[in-house]
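Since the structure comes first, as structure tokens, the remarks are kept for the end.
To find a chain, count down the sequence lines: A is the first, B the second, and so on, and within it residues start at 1.
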Amino acid sequence: MNLFAIFEGEVRRALERLRERGELPAELALEGWTVEPPRDPGHGQVATNAALVLAKPARTRPMAIAEPLADLLRRVEGVAEVTVAKPGFVNLRLDDAVFHRVLRAALRDGERFGLVDLGRGAKVNVEYCSANPTGPLHVGHGRGTVYGDALAALLAATGFHVTREYYVNDGGAQIETLARSLHHRYREALGDAVGPMPEGGYPGDYLVPVAHALVERDGDRWRDATEPEWMAPFGDFAKAAMLARIKDDLKALRVEHDVFTSEAELLAAGVVERCIAELEERGLVYTGTLEPPKGKAIEDWEPRPQLLFRATAFGDDTDRPLQRSTGDWTYFANDIANHWDKYRRGFKEMIDVWGADHGGYVKRMQAGVQGITGGDGALEVKLCQLVQLMDGGQPLKMSKRAGRIVTLRDVVDEVGPDVFRFIMLTRKNDAALDFDLQKVVEQSKDNPVFYVQYAHARIRSVFRHAAEAGMATAELGDAPLARLADEGERAVLEAIAQYPRTLALAAEHREPHRIAFYLEELAGAVHRLWTRGKEEASLRFLVEDDEPLTRARLALLESARTVIAGGLRVLGVEPVEAMR
RNA sequence: GCGCCCGUAGCUCAGCCGGAUAGAGCGACGGCCUCCUAAGCCGUAGGUCGCAGGUUCGAGUCCUGCCGGGCGCGCCA
């Protein structure tokens with residue numbers, strides 16, 4: 001029950017009436033205006049800028065539209081008062097009864113309250129995390145992962161049929177590097193004096209336990225084997241171990257993907273060849289020679305004819321290579337196949353969450369999807385800016401080469417998934433983020449997530465007390481909500497009514513952080529109301545000799561709690577029963 | 001050199017599709033617990049929204065140009 005959507009309809013009808021009556025030009029397009037909560041609560045609960053927006057196309061003054069519009073809106077059920085303000089805003093003050101209906105809807109729907117059906121069951125594939133299985137997840141991965149996970153939940157909450165996907169980049173040379181690194185650790189585990197990790201290997205110590213597990217399984221049978229002999233089994237073993245570890249790390253973050261797609265398996269199944277053949281049939285593949293990029297000197301640049309994808313046909317800056325000089329497919333070719341595979345599994349809408357360092361790759365991938373799906377599929381890419389890891393104000397350079405990795409798991413174990421997720425979700429995805437390990441650990445007790453969880457816990461506490469006092473806490477839908485007369489109660493009521501709109505906007509904009517900020521506001525309204533009860537006994541929630549009033553207040557609290565729980569659920573944060 | 005993203009209070013960040021007097025948290029300072037959880041509430045201080053133009057009834061928001069920071073710029077992933 002989205003009040004703002006409802007009143008948008010009312011404003012539209014009123015404008016249409018004005019057009020019919022000739023007070024607006026017959027050909028006027030009724031577009032571009034909005035219905036929003038006014039910034040100043042003194043203006044009521046709903047405001048529209050329709051008169052301002054339409055004045056110019058209607059070739060009249062804003063007030064000439066605002067006045068008759070206000071007259072019509074005054075007759076709408078649930079509207080208590082309509083005022084026209086300065087330049088031409090029309091402000092509505094709503095009857096309490098309207099908010100009472102919202103509250104009853106919230107009580108009736110529980111955590112499903114506000115879940116608008118924007119998607120109508122459309123299938124959407126959200127690919128996120130997709131870190132290479134060559135090591136544990138680090139903090140930088142955590143951001144895109146949490147964002148993607150919350151976005152997936154948000155879309156699922158707004159009527160889309162969502163699949164959460166992880167693309168495993170296990171097709172390239174990096175798995176060979178991983179296998180060599182494991183082989184080195186394996187020899188170490190057997191007690192051979194092999195020295196430090198060779199140049200180009202993965203120096204982190206996370207392969208040490210993997211090597212021991214391999215010794216446990218196979219003993220020293222690979223000690224004297226040749227590289228071609230051990231390469232495949234070592235690669236498989238290491239890959240499986242890394243993937244298991246990544247899944248475990250994800251679980252600690254409360255992230256669970258539905259599908260893991262393996263690049264290597266797509267390759268082995270010949271999907272890439274079929275994909276390229278498909279592109280060829282569409283005339284999107286040719287052999288040509290690329291110009292060297294301007295402005296950036298590339299050493300050992302050799303003009304070379306190669307297999308190219310006609311990305312420029314879809315708005316990319318240049319055509320893109322599909323095949324390496326070695327004859328292998330490029331990562332790009334494989335990734336087109338990956339998206340083609342999704343498309344053939346029924347996903348016309350695909351969303352990828354990438355790190356900002358892949359920003360230069362967006363256009364070509366979108367071009368690839370357009371090309372391979374004949375324009376029927378669409379790829380939306382959400383970039384997460386990189387995380388600058390700090391330690392006590394000093395930038396911490398993470399380098400895999402130096403083996404100095406701050407793992408995601410370390411941080412999550414330290415502060416917990418709720419704190420970590422909330423930190424990542426109180427930011428827009430496209431703003432850079434400083435993540436100071438020391439501060440995050442020190443200040444995790446100040447994390448706003450507790451503010452929201454505390455509001456939930458306090459409400460639970462009231463219900464526990466109510467039950468102890470023998471008060472009925474069920475069937476609150478028929479409570480006399482008109483008894484809710486305090487300004488603090490109204491504030492909570494109005495905050496609750498904002499939720500459906502917030503959810504819809506967050507989904508449309510792919511911005512789960514809006515929910516986090518909204519929940520802080522709602523929690524604030526709850527905390528303020530709580531404090532009013534401390535200052536004035538008559539405003540306490542449980543009033544011994546006035547059960548109807550108590551029930552009305554419980555109804556208010558329960559719907560607030562429901563919204564908090566539902567919102568936290570979308571963010572993947574636990575609503576708690578108690579804080580102590 | 002070119003492309004994308006960012007620049008808002010001391011710090012970390014919101015600011016809805018262009019809307020009314022630019023907000024929150026942390027930090028600083030001052031108040032509030034005989035009573036449903038003080039992980040809370042109330043107040044004070046703190047801003048030329050990077051700079052300069054432009055668009056318009058109206059710009060933190062859109063456009064152009066600068067400045068500053070991040071990322072990227074065949075066959076790596």
When the P atoms of B:G1 and B:C63 are considered, how many whole Å apart are they? 22 Å
Check every atom of B:C36, B:A20, B:A14 against the side chain of A:Ala85 and return the nucleotide holding the closest atom. B:A20
Tell me what A:Glu302 touches on the nucleic acid: a base, only sugar-phosphate, or nothing, going by heavy atoms under 4.0 Å. base
Separation of atom CZ in A:Arg532 from atom C1' in B:C32, rounded to whole Å: 15 Å
Is a side-chain donor-acceptor pair under 3.5 Å present for A:Tyr167 with A:Asp352? no
With a sphere of 6.0 Å drawn around CD of A:Glu468, does it hold more than 12 non-hydrogen atoms of other residues, nucleotides or ligands? yes
For B:A20, give the paired nucleotide (Watson-Crick: N1-N3 plus N6-O4 or O6-N4; G-U: N1-O2 and O6-N3; both under 3.5 Å), or none. none
If you check the A:Leu386 side chain, which of B:C71, B:G19, B:G74 turns out closest? B:C71
Trace of the ring-ring contact (aromatic ring centres under 6.0 Å, His included) decision for A:Tyr451 with A:Phe422: CA-CA 11 Å; A:Tyr451 186 77; A:Phe422 217 77; 10.0 Å; no
Counting any heavy atom closer than 4.0 Å, what does A:Ala55 reach on the DNA or RNA strands: base, sugar-phosphate only, or nothing? nothing
Under a plain distance cut-off of 3.5 Å, with no hydrogens placed, do A:Glu273 and A:Trp329 share a side-chain donor-acceptor pair? yes
Just to be sure I understand the rule, does A:Phe89 reach a base, reach only the sugar-phosphate, or reach nothing, if contact means heavy atoms closer than 4.0 Å? base
For A:Leu322, report the nucleic acid contact type (base, sugar-phosphate, nothing); a contact means any heavy atom under 4.0 Å. nothing
Residue pair A:Glu36/A:Thr426 against RNA chain B: nearer the 5' end by closest nucleotide is A:Thr426
For A:Tyr331 and B:C76, what is the distance between atoms OH and C1' respectively, to the nearest whole Å? 11 Å
Just how far, in rounded Å, is P of B:C73 from CZ of A:Phe332? 15 Å
Report the nucleotide, chosen from B:C13, B:C41, B:G19, that has the shortest atom-to-atom distance to any side-chain atom of A:Val53. B:G19
A quick test of your reading: do over 12 heavy atoms of other residues, nucleotides or ligands sit less than 6.0 Å from CD of A:Glu508? yes
Between B:A39, B:C26, B:A77, which nucleotide gets closest to the side-chain atoms of A:Gln443? B:C26
Starting the side chain at C-beta, find the nucleotide from B:A24, B:C13, B:G74 nearest to A:Glu520. B:A24
For residues A:Asp341 and A:Asn338, is any side-chain donor paired with an opposing acceptor at under 3.5 Å? no
Name the nucleic acid region contacted by A:Ala47, choosing base, sugar-phosphate or nothing; use a 4.0 angstrom heavy-atom cut-off, strictly under. base
Would you state whether a donor and an acceptor, one from the side chain of A:Asp357 and one from the base of B:A77, lie under 3.5 Å apart? no
Glycosidic torsion of B:C33 (syn if within 90° of 0, anti otherwise) classifies it as syn
Heavy atoms under 4.0 Å, any strand shown: does A:Pro321 hit a base, just sugar-phosphate, or nothing? sugar-phosphate
If you only use heavy atoms from C-beta on, which nucleotide in B:G40, B:G15, B:A77 is closest to the side chain of A:Tyr451? B:G40
Under a 3.5 Å cut-off for both contacts, is B:A39 paired Watson-Crick or G-U wobble with anything, and if yes, with which nucleotide? none
Considering only the P atoms, how many Å lie between B:A22 and B:G46, rounded to the nearest integer? 15 Å
For A:Tyr499 and B:C16, give me the distance from atom OH to atom P, rounded to whole Å. 20 Å
Using a heavy-atom cut-off of 4.0 Å across all strands, would you classify A:Ala173 as base, sugar-phosphate, or nothing? sugar-phosphate
Could you tell me if A:Arg320 sits above the aromatic ring of A:Phe332, with its cationic atom closer than 6.0 Å to the ring centre and no more than 45 degrees from the axis? no
Between A:Trp33 and B:G19, is there a contact of a side-chain N or O with OP1 or OP2 at under 4.0 Å? no
Any base atoms under 4.0 Å from A:Arg304, or only sugar-phosphate, or nothing? Heavy atoms, all strands. base
Just checking A:Gly359: base, sugar-phosphate only, or nothing, at a heavy-atom cut-off of under 4.0 Å? nothing
How would you label the contact of A:Arg540 with the nucleic acid (heavy atoms, under 4.0 Å): base, sugar-phosphate, or nothing? base
Using the ring of each side chain (for Trp, its six-membered ring), is A:His358 parallel, tilted or perpendicular to A:Trp354, with breaks at 30° and 60°? tilted
With centres under 5.5 Å and planes under 30° as the test, does A:Phe541 stack with B:C36? yes
With respect to the side chain of A:Lys534, which nucleotide from B:A77, B:C36, B:C13 is positioned closest? B:C36
If you measure only the distance, is there a donor-acceptor pair under 3.5 Å linking the side chains of A:Gln174 and A:Asn169? no
Determine the interatomic distance between C1' on B:A52 and the same-named atom on B:C5; round to the nearest Å. 22 Å
Distance in angstrom units between A:Lys363 NZ and B:C73 P, rounded: 15 Å
For B:G27 versus B:A9, give the span between their C1' atoms, rounded off to a whole number of Å. 12 Å
When all nucleic acid strands are considered with a 4.0 Å heavy-atom cut-off, which category describes A:Asp328: base, sugar-phosphate, or nothing? nothing
Value in whole Å for how far the P atom of B:G72 lies from CG of A:Asp316: 18 Å
My understanding is that a pair needs two contacts under 3.5 Å, Watson-Crick or G-U wobble. By that rule, which nucleotide pairs with B:G27? none
Is there a side-chain polar atom (N or O) of A:Lys428 under 4.0 Å from OP1 or OP2 of B:G15? yes
Check this for me: does the side-chain of A:Arg61 come within 3.5 Å of the base of B:C57 through a donor and an acceptor? no
Check every atom of B:A77, B:C41, B:U56 against the side chain of A:Thr531 and return the nucleotide holding the closest atom. B:C41
Using atom C1' of each nucleotide, how far apart are B:A24 and B:C16 to the nearest Å? 16 Å
Among B:C16, B:G19, B:U12, which nucleotide sits nearest the side chain of A:Pro87? B:G19
Between B:G23 and B:G47, how far is it from one P atom to the other, in whole Å? 14 Å
Measuring only the C1' atom in each nucleotide, how far is B:A14 from B:C49? A whole number of Å is fine. 13 Å
Rounded to whole Å, please give me the gap between NE2 in A:His465 and C1' in B:C35. 11 Å
Base, sugar-phosphate or nothing for A:Ser461? Non-hydrogen atoms, less than 4.0 Å. base
A:Asn91 near the nucleic acid: base, sugar-phosphate alone, or nothing, with a heavy-atom cut-off under 4.0 Å? base
Strictly below 4.0 Å: does A:Lys56 bring a side-chain N or O up to OP1 or OP2 of B:U56? no
Provide the distance between the two P atoms, one in B:C35 and one in B:G19, to the nearest whole Å. 47 Å
Lys/Arg-Asp/Glu bridge criterion (N-O < 4.0 Å) met for A:Asp434, A:Lys439: no
Length of the CZ-C1' vector between A:Arg427 and B:A14, whole Å: 10 Å
Taking for each residue the nucleotide of RNA chain B with the nearest heavy atom, is it A:Asn49 or A:Ala432 whose nucleotide lies nearer the 5' end? A:Ala432
Among B:A39, B:G27, B:A20, which nucleotide has an atom closest to any side-chain atom of A:Asp446? B:G27
Ignoring hydrogens and angles, does a donor from either the side chain of A:His513 or the base of B:A14 sit under 3.5 Å from an acceptor on the other? no
